[in-house]
Amino acid sequence: MKAAIYPGSFDPVTFGHIDIIKRAATIFDTLIVSVLNNERKSSLFSVDERVKLLREVTKDIPNVEIDSFDGLLVDYAAKKDVHVVVRGLRAITDFEYELQNAQTNRLLSKGELDTMFLTTSLEYAYLSSSAVKEIARFGGDISACVPKYEEQIIIDKLNSLK
Ligand code: ADP
């Protein structure tokens, strides 16, 4: 059984993430999509809320599991006995950060943890969770960015913070 972990903030999950999830799920027997609980990064949704959103929007993909983790990805992957990380690349600007992370993870894991990159589908190249929050904050239409199920949840969350 070949498994991979797709880690990220997913704050909130977008069509860009879902595209990577669907494609990775055809490559691996099991894909664990895991929300990083990073207390240094302020987020709109709590980890539990992000897990719930991910569960809902991936419920039709049978080999996808949703989880969350704290601390180092290499430790989490070792605990799960998984040796591949999936990440998405949108543009050259993602590359330097992703390359550094991938190399650090290889080093820390003594070569046990490798990273596989999937390039974004062109229609989602512009899409990021930050853009979704920015558009929704100003009352813009986010229907091209996130599944219908999420739209009102995002709007309500932003309104609750006003
Ligand atoms: P992080 O804070 O870990 O970068 P994100 O939720 O922003 O978490 O992204 C998780 C992963 O998904 C990253 O590898 C990112 O490059 C990728 N990703 C985000 N949006 C897209 C998109 N529109 N197309 C392809 N990959 C994406």
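Just so you know, these numbers come straight off a predicted model, no measurement behind them. Note that ligands are numbered from 1 as they come in the structure, with each ligand's atoms numbered from 1 the same way.
Residue Tyr6 places a heavy atom less than 4.0 Å from ligand 1. Not close to ligand 1: Thr14, with no non-hydrogen atom less than 4.0 angstrom away.
A salt bridge does not link Arg106 with Glu112: every distance from a Lys NZ or Arg NE/NH1/NH2 to an Asp or Glu carboxylate oxygen is 4.0 Å or more.
By the criterion of a heavy-atom distance under 4.0 Å, both the backbone and the side chain of Leu127 are placed next to ligand 1. The proximity of Arg90 to ligand 1, defined as any non-hydrogen pair under 4.0 Å, is limited to the side chain.
For a threshold of 3.5 Å applied to N or O pairs, the pair formed by Asp11 and ligand 1 contains no separation below that value. In terms of polar-atom proximity, defined here as any N/O pair under 3.5 Å, Ser9 does make such a contact with ligand 1.
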Exercise. Test side chain to side chain contact (heavy atoms under 4.5 Å, CB included) on Glu150 and Val57 and set out the steps.
Key: CA-CA 9 Å; Glu150 282 182 63; Val57 300; 3.7 Å; yes
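Using bins of under 30°, 30° to 60° and over 60° for the plane-to-plane angle, the ring pair Phe69/Tyr76 lands in the parallel bin.
Between the side chain of Asn63 and the main chain of Ala25, a donor-acceptor pair closer than 3.5 Å is present. Within the 3.5 Å criterion, the main-chain N or O of Arg90 finds a donor-acceptor partner in the side chain of Asp94. The main-chain N or O of Ser46 is found under 3.5 Å from a side-chain atom of Glu49 such that the two form a donor-acceptor pair. Side chain of Arg87 to main chain of Pro7: a donor-acceptor pair is present (N/O by atom type, distance under 3.5 Å, no hydrogens or angles). Within the 3.5 Å criterion, the main-chain N or O of Asp11 finds a donor-acceptor partner in the side chain of Lys133.
The protein atom (non-hydrogen) at minimum distance from atom 3 (O) of ligand 1 is Arg87 NH1, 3.0 Å. In terms of protein heavy-atom proximity, atom 15 (C) of ligand 1 is nearest to Gly88 O, 3.7 Å. Annotation: atom 9 (O) of ligand 1 to nearest protein heavy atom, His17 NE2, 3.5 Å.
Near Asp94, the atoms of ligand 1 lying under 4.0 angstrom from a non-hydrogen atom of the residue are 16 (O). Annotation for ligand 1: atoms under 4.0 Å from non-hydrogen atoms of Thr120 are 22 (C), 24 (N), 25 (C). Interface atoms of ligand 1 facing Phe10, defined by a heavy-atom separation under 4.0 Å, are 6 (O). For ligand 1, the atoms lying closer than 4.0 Å to a non-hydrogen atom of Ile20 are 25 (C), 26 (N). In the vicinity of Tyr124, heavy-atom distances shorter than 4.0 Å reach the ligand 1 atoms 22 (C), 23 (N).
Side-chain contact between Leu113 and Val85: present, with at least one pair of heavy atoms (C-beta onward) separated by less than 4.5 Å.
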